[in-house]
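Quantities reported herein were computed from a predicted structural model and do not represent experimental measurements.
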Amino acid sequence: MKVLFVVSEVEDLVKTGGLADVAKALPIALNEMGHEVCIVMPYYKTLAKQHPGEDWAEPQTLFASRKPYDFTIKRLQIGNVPVYAIDYPAYFSRDGLYSDSYHAYPDNAERFAFFAQGALQVAKAIDFQPDIVHCNDWHTALTPYFMSIDDSGFFDRSRSVFTIHNGAYQGTHRFSDIPFLQPHYLLHSQLDGDALNFVRMGIRYAHKINAVSPNYAQELLTPLGSHHLYHEFQQRRSDLSGILNGCDYTQWDPINDPNITQTYTADDMSGKEACKIDLQREAQLPQDLGIPLVGMVCRLTEQKGFGYILPMLEQLMQHNVQLVIIGTGDPQISHTLRGVAERHPDKCAFIEAFSVQKAHMLEAGSDFFLMPSLFEPCGLNQMYSLAFGTLPIVRGVGGLKDTVTDLADNPEQATGFVFEHPDSEALLACIQRALLFYREYPQRFKETQMRAMHSRFTWQQAAEQYLALYNAALGG
């Protein structure tokens, strides 16, 4: 099968979030299964500096409102998968991918509308006639529309799949502010006032739609979980499915992790104790193996549950516990966390920074990982935590519900702790339940850690499910 994978970022090339992880791992997994995959992405300034590609094919031109959009194609490589990057400096030679330090670029809709059609032009230029055009998130959501109006015959046998990695980001912009789309009078019937919602277009025009976990797909079919696109998802419910992301265990495995002070296995977790002492030292907390340590690493945003984390922190500090939070983001959230850490220096540490090494150090050194998200399409940190024997404390939403089994629901299969209601009381009660389990049942706690470490969510499994989805799109 031939797959054109259209995406705005790819890990090891440029990355702002989990989308990039998928854009690297899934094409590689499909390639290893014998399928022909090409990735198309923008040729960003940072990409050009760190991974300069070679010129490929002839210079290309798209026209919109009689304006020529002249671009070239650069070729790079991820594993054995070729990556073709659209080099249009006016739109992509900027310091950021989607924003400067503070604000999203005002012409993002124009930039990615051009990219959505440009990706199809790349396929023609390299003579890659795909069975499947796999689009990802709002940046590429217009590609199925452009396929539907393409009259070249090149894509007549191709089918489109649109993956929603985070439905909260929809690419809603005023149509009048998108010059590239002005000739497309068909789109006037798709507007909400003068606004064009890119994700809505992807839902309407793609042959198949999927979310990055089965539970998140079900949430998208509800008024509360649909991110205000309830009717669109309901109309396409027969074409909507959920496929859980995989985890890259080549990077997240305590057996061979170069970022932690001592490696360990499920059969011999003595190295985890050394990692806990190392984390306590780094966080300037008392070095005591007997104190349960709760860790959290994330962007400081409302989505991650801080609306109900912050109000219960003072109550949590009344327990014999240590809390380490690593992250950057909302200045109000960071201000509150700094205050709690200053008032409780022997129990709480807030590290306002991010590095891969610190993230690995926290995963290995914590007893519990806190991830009480307001919503979480898939989530990866809970998978990393399971691999490191760090029991997740999560809210039962999205991929968190698909990957963590609560102790109360199934003690013999439990891998963590799950609560439902998005409020401080429910969160605190769940943490207290975890702390009690740690203190009162040390042997069962270790057994649960071992069970967690044997959990596996592989990209091989995900790739097989995507192949089934591709075949369904093709009518097979």
Going by distance alone, is a donor N or O of one side chain under 3.5 Å from an acceptor N or O of the other, for [X] and [Y]?
{"X": "His184", "Y": "Tyr145", "answer": "yes"}
{"X": "His173", "Y": "Asn108", "answer": "no"}
{"X": "Thr163", "Y": "Asn210", "answer": "yes"}
{"X": "Tyr105", "Y": "Glu110", "answer": "no"}
{"X": "Gln460", "Y": "Glu464", "answer": "yes"}
{"X": "Asp150", "Y": "Ser152", "answer": "yes"}

Tyr69/Phe114 aromatic ring centres below 6.0 Å: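 Between Phe114 and Tyr69, which both carry aromatic rings, the centre distance is below 6.0 Å.
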His134-Tyr466 aromatic ring centre distance below 6.0 Å: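 So the answer is yes for these two rings.
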Count the heavy atoms of every other residue, nucleotide or ligand shown that sit under 6.0 Å from [atom1] of [X], and state whether that count exceeds 12.
{"X": "Lys401", "atom1": "NZ", "result": "no"}
{"X": "Lys358", "atom1": "NZ", "result": "no"}
{"X": "Asn80", "atom1": "CG", "result": "no"}

Given Val83, Ile86, Ile73, the one that forms side chain to side chain contact (heavy atoms under 4.5 Å, CB included) with Val40: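 Only match with Val40 under side chain to side chain contact (heavy atoms under 4.5 Å, CB included): Ile86.
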With Arg75 via side-chain hydrogen bond (donor to acceptor under 3.5 Å, both in side chains) - residues at least two apart: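 Testing Arg75 for side-chain hydrogen bond (donor to acceptor under 3.5 Å, both in side chains), a comparison that skips the adjacent residues, returns Gln77, Tyr84.
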Where at least one partner belongs to residues 383-392, residue pairs that pass side-chain hydrogen bond (donor to acceptor under 3.5 Å, both in side chains), sequence neighbours excluded: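 Listed once each, the pairs are Lys272-Thr390, Glu363-Ser385.
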